Undergrad: 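Below you'll find the structure I mean.
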Amino acid sequence: MKESRQGYRFAWLWVCFGLSAAWLIVQPAPRSVPASLLLVLAFTAFGAELADVKPMPKGAHFAVTGAYLAAIACFWSPLAALVTDIVVMLLAGAVRRQSQRAVGERFLSRGIACALASAPLQLLPWNARVGESAPIGVLLFMLVFGGAIQMVGFAFAKLRDEAFRGWTEALVGVNPIRLLAYVVVGALLAVICRDRLTWVVPLTLVPVLAFRLGVMRREAVADAYYDTVTALTLMLQRAHPDTHDHLDRVARTAERVAEQLGLGARRSELVRAAAVLHDIGKIAVDESVLDKPGRLTAAERAHVENHALWGAQILTPIHQFRELVPWIRHHHERPDGTGYPDRLNGVEIPIESRIIAVVDAFDAMTGGDRAYRRPMSQDQAIAELRRCAPTQFDSTVVAAFAQVIDEVPS
Amino acid sequence: MHLVTVVVLAAASAAIAWLAFYVFWWLPLIAQRRYREAMLAFSTAVELRFPAHRGLCERVSKLSVAVGQELGLRKRRLLDLEMAATLRDIGLCAVPYAMINERNPDSWTAAESIAYERHGEVSAAMLELVPRLAHLAPIVRNHHIEFASSEPISGVLRSQIPLEAFILSAVTAYVRAADLQGMFLAREALIADAGTVHEPRVVQALLRVLPSVRVGAVDAGDLVRS
C-alpha cells in the first residue's frame, strides 16, 4: 500500500521531467561553437563525473560536471546539455555499476534542474551570453542548476519520508572549497568556449583532480583522529576489559544530555568524544587496585585518582583533543570544591566535565563497571544523584539527565 | 584581451595556486603533525603504565629510523617504521600492571613469561582493528623475532618478515642492553649476535649510525621530516 502511494507520488516527478524536456525542446538552439568543442566538452564532462568525491563519509558525491553542462547550455543549447548529461550519467553509472534506481533518480533530478537553469539564460541577450558576459551566463546556469538539484533531492527525501539535512545547510552551507572548485572551472570554461580554445578544455580537469586529492587528504587527516581514539580505547580495554560497554553507554548518554542542555550539535559531539576518552588515564592504573573489592588505602586512592591527570597528559599532545583535555582533567571535580585533581568548585568546573561526572556516576551505580557492588535500579540511582546534587553533582545537569535517561537505549 | 578574460584567468590562476598550496603543502604538513601528535600520545600512555619504559619509545624510534635511513628505506616506510616503533608495546597493556612494575622478571611464572612474550602478537591484533594502522601489524608482531629462528612466532617464513621488524628487534635489544650494561657491552653483544639473533645487514647499519646518534649529530626525527 505504502509502496503504491510512493509510486503515485513519484509519478509527479516524471511529469515534471516530461514538462522540463518539452520546455528544453521548444527553446531556440543557436549554436555558437564548433561541434569538435562540444565533443571535447562532453568527454571532459565524463572525466569530471568519474572524478567525483565524497567530502563527508555519510554525505553525497560531488562532481563538477555541472560546469561543463553549463558551458554546453550557454554556447550550444540547454537541450544539448541535457542529452550530454544523460549520456554521461549512463556511462558513469555503467562504469561504477550503480543501481538502476540511483541512476534513475539522478536522471530525473538533473533533467528538471537543467530545465530550471535554462530559464535565466533566456533573459540574457544571445550576443551577451556567448560574448563578453559569457562567464555570467555560465555561472548563472551553474548556480540555478546546483540549487535545483538540492531542491529535487529534498523532494525525493520528502516523498520517501527520509530525513534531509535541511534547506539552509544544503543551499547556503556549501563547503567553500567545493564552491571554489565549481566556480573556477565554470568561469574558465566560459572564457575557453568564447575564444574557441578547444585544446585547453581537458586542462580544466587539473583543478578538479587537485580538489579531489584535497578532499581525500582531508579525509585521511580526519581518519587519523578516529584511529587515535580507537587505538587508545583499545589500549584501555586491554588494561581494563570491563570498561568497553561502560564507555559506550556513557558516551551516548552524555551526548544526549549535552543536547538537552542546549550545547549545540558540534559541542555535543565533542562531549561524546570526551566521554569515550574520559577514563583513558586508567591505562596507567593498576587493575588489581581498580577492581579491589574492599576499601582502598590512602595510597591506592591517590593512585586511582591520578587517572584524571594521566588522561589529560596522554591527550595533551593531540591538537584535535585540545578542547577535550580540561573536560577530562576535571571530570571528578565536585561543585563543593572537594573533588580532584584541582579542587575546583561550582562554575569553575567546565559544564562538559559536570555532564560526564553525572553520567559516569549513574552508570557506575546502575552496575556499569563495578562488579563488586550490587547495582542500583535506575530510579534509585536518579534519586541518589538528586540527593547528592548540590554538593557532588551539578543540579541543572542532574535535572537534564533525568529527562533524557528514559530516551537513551540501554 | 577582454577585461573579463583577464579577470577570470587571474582569479582562476590564483585559485588554482591556492588549491595546489593547500593540497600539496598544507594538508600533508597537517597530516604529518597529527601523525606525530598521535605517536606522542601512544608513547605517553605506554610510559605512564610502565614508568621503567620512560624515554625508551623515543630512543628506539629515533634509532630505528636512523637505521632505516641507512638501509635506504623510503620516506613512507620510514614513517611506518617510526609509528611501529612507538606502537610496538601497546599490547603490554594486557600484561598485569604489578607483574611488570613491581616484580623482577626472574620471579615470573612460566605462564606469566608466556603472557609477556605474547605482547607483540597482542599489539599486532590491536592494530589490525584500526584500519589505517593495520599495515603495521606484521612489523609489530615480529618485533622480537630472532633472525636465525627456525620457527618464527607468527608461523611465517623468514622471507615474509618485513625488514622493519628486524630493525626493531636489533634496536630494541641494543637499547635495552645499553641501559643495563652500557653502550660498549651492548655493541659487543650486537656484533656477537649478528647472523644468529639479528639480521646482519641491520647490525652493520646500526653500527654505522651509532656514533652519530650517540653524539647527537643526527636527529632521526629530522631525517624523516626532511
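Lettering of chains follows the sequences in order, A, B, ..., and the numbering in each one begins at 1. These figures come from a predicted structure and were not determined experimentally. Side chains included, hydrogens not; waters and symmetry mates left out as well; all remaining heavy atoms used.
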Undergrad: Is any NZ, NE, NH1 or NH2 atom of the basic residue among A:E287 and B:R49 found under 4.0 Å from an Asp or Glu carboxylate oxygen of the other?
TA: yes
Undergrad: Check whether A:L315 gets within reach of chain B through its side chain, its backbone, both or neither, counting any heavy atom under 4.5 Å.
TA: neither
Undergrad: Identify the heavy atoms of A:V221 and B:L27 that sit nearest to each other, and give their distance.
TA: CG2-O, 4.3 Å
Undergrad: Determine the minimum heavy-atom distance between B:A41 and A:P317, stating which atoms define it.
TA: N-CG, 4.3 Å
Undergrad: Side chain, backbone, both or neither: which part of A:V285 has a non-hydrogen atom closer than 4.5 Å to chain B?
TA: backbone
Undergrad: Applying ring-ring contact (aromatic ring centres under 6.0 Å, His included), which residue pairs with at least one partner in residues 71-98 of chain B are found, sequence neighbours left out?
TA: A:H303-B:Y97
Undergrad: Non-hydrogen atoms of chain A under 4.5 Å away: do they reach the side chain of B:P51, the backbone, both or neither?
TA: neither
Undergrad: Which heavy-atom pair separates B:M126 from A:L234 by the least distance, and what is that distance?
TA: O-CD1, 3.4 Å
Undergrad: Under 4.5 Å heavy-atom distance to chain A, tell me which part of B:E102 shows up: side chain, backbone, both or neither.
TA: side chain
Undergrad: Under 4.5 Å heavy-atom distance to chain A, tell me which part of B:A45 shows up: side chain, backbone, both or neither.
TA: both
Undergrad: Quick check for you: among B:A98, B:P96, B:P131, which has the greatest number of heavy-atom pairs under 4.5 Å with chain A?
TA: B:P96
Undergrad: What residue, out of B:A94, B:S123, B:C93, B:A31, has the most heavy-atom pairs lying under 4.5 Å from chain A?
TA: B:C93
Undergrad: Residues two or more places apart in sequence or in another chain: which of them pass ring-ring contact (aromatic ring centres under 6.0 Å, His included) with A:H331?
TA: A:H278, A:H307
Undergrad: Chain A heavy atoms under 4.5 Å from B:Y35: which part of the residue, side chain, backbone, both or neither?
TA: neither
Undergrad: Using non-hydrogen atoms and a 4.5 Å limit, figure out which bit of A:S288 sits close to chain B: side chain, backbone, both or neither.
TA: neither
